[in-house]
Amino acid sequence: MTIKFWLNGKLIEDIISDDILLLDYVRTKGCYSVKRGCETANCGLCTVLVEDKPVLSCSTLAARVNGKHVTTLEGLQEEAEEFGAFLADQGAEQCGFCNPGFIMNVLAMVKELSDPTEEEIREYLAGNLCRCSGFVGQERAIQAYLSKKKKEVSA
């Protein structure tokens with residue numbers, strides 16, 4: 001089947017097999033930040049944005065993004081680096097394997113929720129699994145990042 005969509009702002013038209021997962025497809029296009037983890041849609045490592053909403057690419061057929069905009073961490077380098085600095089500052093990056101999916105969800109949350117509560121943050125990120133830490137550092141990093149964003153908006 002033929003698929004036509006935007007990957008990180010670039011129009012892609014390609015012939016794909018009907019059963020290829022979005023995870024596998026975007027990796028063939030050089031998007032190596034999208035990782036294979038649990039393969040059961042439970043860890044968040046494979047998170048991409050489809051029309052600015054987080055989607056688990058390990059359980060999404062590539063055909064489902066036909067005509068849509070898909071963004072991976074490679075398409076959000078500036079924002080990812082900015083938030084990544086907050087993770088590092090809080091000692092929350094640990095091994096870093098889960099960071100791409102986690103960062104994708106944080107950036108989507110910031111776009112969707114203007115002033116999230118701690119409960120909303122935890123709920124939004126519930127699908128992310130980090131085996132290195134208990135998420136305390138990540139939560140501190142998110143709060144610091146949100147605080148900085150608020151100051152930028154009010155300035």
Side-chain angles (χ1 to χ4, degrees), residues 3-14 21-37 41 43-60 62 64-118 120-155:
I3 188 172
K4 185 176 179 180
F5 72 107
W6 290 263
L7 179 60
N8 296 325
K10 180 182 175 188
L11 183 61
I12 304 273
E13 189 168 354
D14 204 356
L21 293 172
L22 184 57
L23 163 70
D24 297 321
Y25 183 75
V26 296
R27 287 183 63 83
T28 69
K29 297 300 178 193
C31 299
Y32 300 117
S33 69
V34 185
K35 297 179 179 157
R36 184 177 305 284
C43 72
L45 290 175
C46 66
T47 302
V48 299
L49 303 181
V50 177
E51 301 297 333
D52 289 328
K53 300 288 183 202
V55 170
L56 297 172
S57 64
C58 75
S59 59
T60 303
R64 302 231 358 148
V65 300
N66 192 36
K68 297 183 179 177
H69 294 83
V70 177
T71 308
T72 67
L73 199 63
E74 287 83 359
L76 296 172
Q77 283 298 299
E78 191 173 310
E79 297 95 327
E81 287 176 15
E82 181 183 17
F83 178 67
F86 283 88
L87 284 173
D89 185 54
Q90 295 299 323
E93 75 280 7
Q94 300 293 322
C95 80
F97 192 69
C98 68
N99 281 358
F102 182 76
I103 291 171
M104 292 300 292
N105 276 304
V106 169
L107 296 177
M109 179 189 68
V110 168
K111 287 180 183 177
E112 186 176 326
L113 305 176
S114 60
D115 191 18
T117 65
E118 283 185 38
E120 288 173 319
I121 292 168
R122 286 188 186 122
E123 184 178 313
Y124 204 97
L125 302 173
N128 288 92
L129 176 64
C130 175
R131 291 184 172 105
C132 295
S133 71
F135 291 104
V136 174
Q138 285 97 332
E139 289 177 6
R140 283 192 315 258
I142 291 168
Q143 292 295 349
Y145 181 70
L146 291 173
S147 177
K148 179 184 180 268
K149 288 294 184 189
K150 261 189 206 176
K151 288 178 185 172
E152 288 175 357
V153 169
S154 64

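The structure presented is a predicted model; accordingly, all values stated were derived computationally and were not measured. Only heavy atoms go into these numbers, but all of them, side chains included; no hydrogens, no water, no symmetry mates.
Here the closest heavy-atom approach between residue D52 and residue K111 is recorded as OD1-NZ, 3.7 Å. For the pair I3 and A62, the tightest heavy-atom approach, listed with the atom from each and the gap, is CD1-O, 2.9 Å. For the residue pair E51 and G67, the shortest heavy atom distance occurs at OE2-O, 4.4 Å. Of all heavy-atom pairs between L73 and A80, the closest is CD1-CB, 3.5 Å. Heavy atoms only, all atoms of each residue included: C58 and A41 are closest at SG-N, 3.7 Å. L113 and E120 make their closest contact through CD1-CB, 4.3 Å (heavy atoms, listed as atom of the first residue, atom of the second, distance).
Between the side chain of S57 and the backbone N or O of T47, no donor-acceptor pair lies under 3.5 Å. Without hydrogens or angle criteria, E74 side chain to Y32 main chain gives a donor-acceptor distance under 3.5 Å. Side chain of Q90 to main chain of L87: no donor-acceptor pair is present (N/O by atom type, distance under 3.5 Å, no hydrogens or angles).
Under the 4.5 Å side-chain criterion, counting only non-hydrogen atoms from C-beta, E118 is in contact with Q143. Between L146 and V110, the closest side-chain pair of non-hydrogen atoms falls below 4.5 Å. Taking 4.5 Å as the limit, every side-chain heavy atom of F86 sits out of range of all side-chain heavy atoms of R140. Using a 4.5 Å heavy-atom cutoff, the side chains of R36 and R27 are not in contact. A 4.5 Å side-chain heavy-atom check between L21 and T60 finds every atom pair outside the cut-off. You'll find the side chain of K35 reaches within 4.5 Å of the side chain of P100, heavy atoms only. Taking the side chain as every heavy atom from C-beta outward, Q138 and V106 never approach each other to under 4.5 Å. Counting heavy atoms from C-beta outward, L76 and M104 have side chains that approach closer than 4.5 Å.
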Q: Could you please spell out the steps behind the side chain to side chain contact (heavy atoms under 4.5 Å, CB included) verdict for L49 and V70?
A: CA-CA 6 Å; L49 303 181; V70 177; over 6 Å; no
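Of the inter-residue distances, the one linking L56 atom CG with L23 atom CG reads 10.5 Å to the nearest 0.5 angstrom. With rounding to the nearest 0.5 angstrom, the CD atom of E79 is 9.5 Å from the OG1 atom of T71. The distance from the CG atom of N105 to the CG atom of N128 is 4.5 Å, given to the nearest 0.5 Å. Summarising the geometry, atom OG1 belonging to T117 is positioned 13.5 Å from atom OH belonging to Y124; distances are rounded to the nearest 0.5 Å. The CZ atom of R122 sits 10.0 Å away from atom CD1 of I142, with the distance rounded to the nearest 0.5 Å. Here NE2 of H69 is found 15.0 Å from NZ of K53. Values are rounded to the nearest 0.5 Å.
A salt bridge does not link D14 to K4: none of the charged side-chain nitrogens sits closer than 4.0 Å to a carboxylate oxygen. Electrostatic pairing of E82 and K149 counts as a salt bridge here, judged by a charged N lying under 4.0 Å from a carboxylate O.
Ring pair F83/F102 is tilted by interplanar angle, where 30° to 60° counts as tilted.
Surrounding CD of E123 are at most 12 heavy atoms belonging to other residues, nucleotides or ligands under 6.0 Å away.
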